[in-house]
Every structure is written in structure tokens, then in C-alpha cells.
Amino acid sequence: MADHEITEYERKRLENIKRNDEMLAALKIQSRINDLSTVNKRQRTESKSYKKSPTKNLKPETPVVLRRSLRTRGVPPDAISACGLKDDYDETRVSKILKLNFSPVKKVSPRAPVPLAMRDAYTSDDALDQKLIQTISGFSKKFQLSENNKFPCDLVKGVEKNEDFEAPKVRKMASGSVKVEALKLEPKNIARVVPGRIMDVRFFPTADVTMVAVGNKFGNIGFWNVDIENDDGNGIYMYCPHSGPISGIVIDPFAMSKMFSSCYDGFIRLMDVEKEVFDLIYSSEHSVYSISQSPHDTKSLYFSEGYGGINMWDLKAGKSLSSWNLHDNRINTIDFNSENSNILATSSTDGTACIWDLRHMNADKPKSLSTVCHKRAVHSAYFSPSGRFLATTSVDDRIALSTGENYEDTSMVYHDNQTGRWISTFRGKWGWDDSYVFIGNMKRGVDIISVAGKKIVSTLRSELISAIPCRFDAHPCKVGMLAGATSGGQVYIWSL
DNA sequence: ATGACAATTATTACG
DNA sequence: CGTAATCCATTGTCAT
């Protein structure tokens, strides 16, 4: 037999196949571990997150000094140990939990479809989580006890003078025009909050404390209280309430002690600071790709699932009120029009963004009010603060700005959106009025698109930025405060 | 048409 | 300081 010389191409291909198989196998094993982890008791005595002497690997001369990074230094780089899923569950924590009179459950994995004690999900070595809990319940209580017309963000109208929170409420963002040149990034407003890729970043909707929550690819949720300067701790707290990439975070401005998070693992949890648990709200076979709440109706939750489905979930009843199949592929964002909360926009990998009217959605596959068509996947569709514009971002390297009666008047702005595999997709986000959209670029800057000029008018740049900021949040109460999050777990906060 | 596969990309931990 | 390892995105291309 003539022996076949293996061509370079074939060799490479075989290698790839082998690698992929190994990777798949590893993923499967991991998910098995997650499923079985109630019984699984693998423990390694020396988990990296408990190592004492942190090795400084930030070049001292570089200006890229992540604020108070020493403490986060110990956070292990890889997903699994970061989440404590497989190898860093320690007995001391179990006994602490038992002492604290939590139900004597065995180890609870974030994948188990049950509530998860916050302390159980806390991933740092010291017990500073209580401090976070105090902070959050502090400002959320303050808000609840204050007079009825004193809500966070000065944002209320139409609130009745009773204690009943059923009263119609409207969330009004702090608005105003910003001179974009005035936005500054200071070293103290930089921190690494979690390891790995950040999928979503969100400010707490209060002016009392500057605090962000981020969710990463590994299922961690990190908090950063930016106001904490130099007392014990660095204002950074990390939990692992999920077993996969966190697709969205929602904080109801009228109940800030409760925070929703959705995950590719199909779970939606509610962090309830009063009960000190990550409650289980919803669990599914399918991935949950986005989550949103109507500004009017905070009794229900909207989220997208699988390949094009949307659910309207009643929080009180704990069941789905409606579900629709709106797209041919995954829905990446859901956003409500702040001026008319019957109107919502979805963006989808099927290449379209659609605007829907909740009053006309009876069929399983309803007809959209209007559709913005792109040539490739659409990764976000957000209404402007006034609701008059819709900004969609697509991998076809376009940002569409749509306006008019039915948003039929669309103009396209070119923007390089080729983020590749390691960077979370870009999403053009509105600032504090209808004039600007903020979006990251591949050169570690933040492009600012002017709606009037239909082009990039400015770019935020800084030597302090060590990675590409890809996910953003504009502070709902503080005009000019913008948080950007990277694939390396850092958060940058620009402010006036 | 459908499906499998390669190439692409940036960040970081580690040697 | 260079480099291996990351690995639930996306798309075009080539095979079936």
C-alpha cells in the first residue's frame, strides 16, 4: 500500500478536531459537575483564591494601576475556580452557614434549581459581604422610608400618598446635555471587579451611593462601591450565583434591594438583600439571552429565551403571562420606550430589530410595528431617553438611528463592530438626552456618535484603559457618569 | 438546502 | 517579556 502523505492541511484539521473534541468533553464534564455538585465533594485544600501573598504582576511604572487591585489579585483567573464550582468549597464556610441558621442544606451549586444563600455564593475569603448587604439595604431602605415624593433619581410623578407601591410610577432618568469633552476618567474610578469577560454592567439607580453591579461570563456577579476609599476592603464584592455567562442585570429603581440576573444556563435569579438569598425566579432548558423590565410595570419581567422567544413573567404569580415567538434567532436585547411603555424593541441575531406594541400582541407570532433591517446580527436596540429615536447596533458595521412616526426614518452610521470572539459585542447606548450614543471601539476608546451629525464626533481615550470597553451603562441619576466594562473584568467610570 | 469546520479576534496568567 | 491558553460568537466556505 502506498502510504498517504498527510498534507499540512489535513494534519491541521485533525488536530483541530481533536482539540474541539477535548473541549466539548471538558464542557460536558463541567456541566455534569454542576448538575451533581450537591453530591460532589471535591475539594482542594489550596485554592488559588485563598493564597495569601499576592504576586504583583502589574508593572509599577505603568499608569495602568487598577485601583486597589491587591485584594482582587487573589482571584483565580479561570472560570471554574472563580465560581467555586468545582474546587474551592471549604468547610469553614459550611459551618458558618450552619451557625447562621440557614437551612442545613448541603453545598448548593448555582446550577441547582433552588434559592442560594448569599453567603453561600460569596466568593471572597473574608466576610465582607455583610458590608455590602448593609450598604444596599441602607440606601434602599432610606428610599422606602422617605416621603413619597422623594424617590431616587428625583424621578417620580403620579405617586399616591399611600404606602402602597401599586401606585403608578414612572421612571424618569436624570436628563441633560453633556459636553462630551468634559467627561473625565480618574484613576480612582478604575477597578477590576471580577475575573474574565464582563457581559453586563449596571449602576444602582440612586444618587446616594455610586455603585455598579457587573455580571461576567463565568456566572459571577461583582459589586463595586466606588465611594469606599480606604477603610477595610476595597468596595469590591463578588458572588457566584450562576453557572454560566450572565446575560443581563435588572435593578428596579423602586426596590433596589432586589436585583434580577439572567443567565445562559437558563436561570433567572433575584438577589434579595433583605432575605440574603439569590432566589430562583425561573429556570429553563433554554438559554436566557436578555432581560428587561417595563418602567411602568415592575410586577412583571420580560426576558428572551432560546431562538427568538420572549416571555412575559408575572413575578407575583410566578408564572408566564404570555410568550411570543418574535424572531428567527436569538434575541439579544429587549428595551422599553420610556415615554410609552406599551412599546418595546427587540434586537436579534436574525439580522433585524423590531418594534412591538404590547396592545397588539395576541398571536404567537405577532406582527411588528416596524422593523429595522441589517445585513448581519443585531446586537442591541435601545430607545433614546425621550423615546423618539431607536439606536441599533449590528455586526454589519452599522449603527442605525431610526425616528419618525413608526421609526421608519432610518440613517446608518458606519462603525467597526468586529469584536471577534473574545470581546463582548458592542452595543450603542444612549447618554442622558437624545444627542449622543456611546459605543466602544477596538482601539480601547469610546466613540461618541452625534445624532444630529449622524457620525462619530468624538472619542474618549485614556492611557489608563488597558482593555477594550465593550459594555456600558449611563448612570440613571447622575448626568455625565458613564461606566464601561471590559473583557478583562475592569470597570471604568467617566464623570464630569 | 444543510451541516461541519476554519479563521477571526484580545486579554491575561504564567513561564 | 514573550507566549500559551482561552473555547457556549459569528460567518463564509466547502463538503455532503
Side-chain angles (χ1 to χ4, degrees), chain A residues 7-31 34 48-49 51 54-62 64 66 69 72-83 111 192 194-199 215-219 242-247 262-267 284-289 305-307 329-332 347-351 374-380 393-397 416-427 440-445 465-471 485-490 492:
Chain A
T7 66
E8 179 68 8
Y9 175 83
E10 277 170 339
R11 196 185 55 78
K12 226 174 163 179
R13 186 173 153 270
L14 287 173
E15 260 178 23
N16 256 318
I17 291 172
K18 197 171 156 218
R19 263 214 315 271
N20 284 336
D21 281 350
E22 282 167 1
M23 192 186 90
L24 268 174
L27 279 173
K28 281 206 182 103
I29 288 168
Q30 181 56 47
S31 91
N34 293 347
K48 278 178 192 167
S49 45
K51 262 185 190 151
T55 49
K56 215 176 157 86
N57 70 350
L58 288 167
K59 292 163 282 175
E61 73 275 8
T62 353
V64 188
L66 291 172
S69 58
T72 34
R73 215 36 299 125
V75 174
D78 71 296
I80 297 134
S81 46
C83 237
R111 181 68 192 171
R192 169 166 290 140
V194 289
R197 229 167 90 182
I198 291 178
M199 311 284 291
N216 73 1
K217 205 185 56 174
F218 307 141
H242 287 285
S243 67
I246 289 172
S247 48
S262 63
C263 182
Y264 283 22
D265 70 8
F267 284 17
S284 155
E285 296 287 299
H286 309 286
S287 287
V288 179
Y289 287 116
E305 183 180 39
Y307 292 94
N329 210 326
R330 82 199 264 202
I331 293 170
N332 297 305
S347 66
S348 167
T349 301
D350 72 7
H374 282 272
K375 294 196 183 71
R376 303 235 179 109
V378 186
H379 277 292
S380 67
T393 307
S394 164
V395 270
D396 72 0
D397 287 340
D416 176 12
N417 294 328
Q418 302 307 305
T419 48
R421 182 179 186 161
W422 311 115
I423 307 297
S424 295
T425 49
F426 290 151
R427 297 173 170 177
N441 70 30
M442 292 302 279
K443 297 195 167 74
R444 298 180 173 177
I465 302 182
S466 64
I468 296 170
C470 45
R471 294 292 159 92
T486 75
S487 285
Q490 302 104 331
Y492 298 90

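The sequence lines fix the lettering, A, B, ..., with proteins before strands; numbering per chain opens at 1. Below, each value reflects all heavy atoms present in this structure, side chains not excepted, and no hydrogens, waters or symmetry copies.
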Worksheet entry | Spacing of CE belonging to A:Met199 relative to OG1 belonging to A:Thr425, to within rounding of 0.5 Å | 7.5 Å
Discussion item. Between P on B:dA10 and CD1 on A:Ile465, what's the gap in Å once rounded to a whole number?
Written reply: 16 Å
Worksheet item: Any side-chain N or O of A:Lys217 less than 4.0 Å from the OP1 or OP2 oxygen of C:dC7?
Response: yes
Worksheet item: Rounded to the nearest Å, what distance is computed from the NE2 atom of residue A:His374 to the C1' atom of nucleotide C:dT10?
Response: 16 Å
Worksheet item: Distance check: side-chain N/O of A:Tyr264 vs OP1/OP2 of C:dA9, anything under 4.0 Å?
Response: yes
Worksheet item: Rounding to a whole Å, what distance do you find between A:Phe218:CZ and C:dT6:C1'?
Response: 8 Å
Fill in: Complementary nucleotide for B:dT11 - Watson-Crick or wobble, under 3.5 Å
C:dA5
Worksheet item: Does the side chain of A:Arg421 get closer than 4.0 angstrom to OP1 or OP2 of C:dA5 through an N or O atom?
Response: no
Item to complete: Working to the nearest 0.5 Å, report the span between CG of A:Asn417 and OG1 of A:Thr393.
Response: 6.0 Å
Worksheet item: Hey, does A:Arg197 reach any base, or is it just sugar-phosphate, or nothing, if we go heavy atoms under 4.0 Å?
Response: nothing
Worksheet item: Are A:Arg330 and A:Tyr289 in a cation-pi setup, meaning NZ or CZ lies under 6.0 angstrom from the ring centre and within 45 degrees of the ring axis?
Response: yes
Worksheet item: Out of C:dT10, B:dT12, B:dT11, which nucleotide sits closest to the side chain of A:Gln490?
Response: B:dT12
Fill in: Separation between the C1' atoms of C:dG12 and B:dA10, rounded to whole Å
22 Å
Discussion item. In whole Å, measure the gap between the C1' atoms of B:dT11 and C:dT11 for me.
Written reply: 23 Å
Item to complete: Rounded off to whole Å, could you give me the CG-to-P distance for the A:Asn441 and B:dT9 pair?
Response: 16 Å
Fill in: Per A:Arg376 side chain, nearest of listed nucleotides C:dT11, C:dA9, B:dT11
C:dT11
Discussion item. Less than 4.0 angstrom between a side-chain N/O of A:Arg192 and OP1 or OP2 of B:dT12, yes or no?
Written reply: yes
Practice prompt. Answer with yes or no whether the side chains of A:Thr349 and A:Asn332 bring together a donor and an acceptor at under 3.5 Å.
Written response: yes
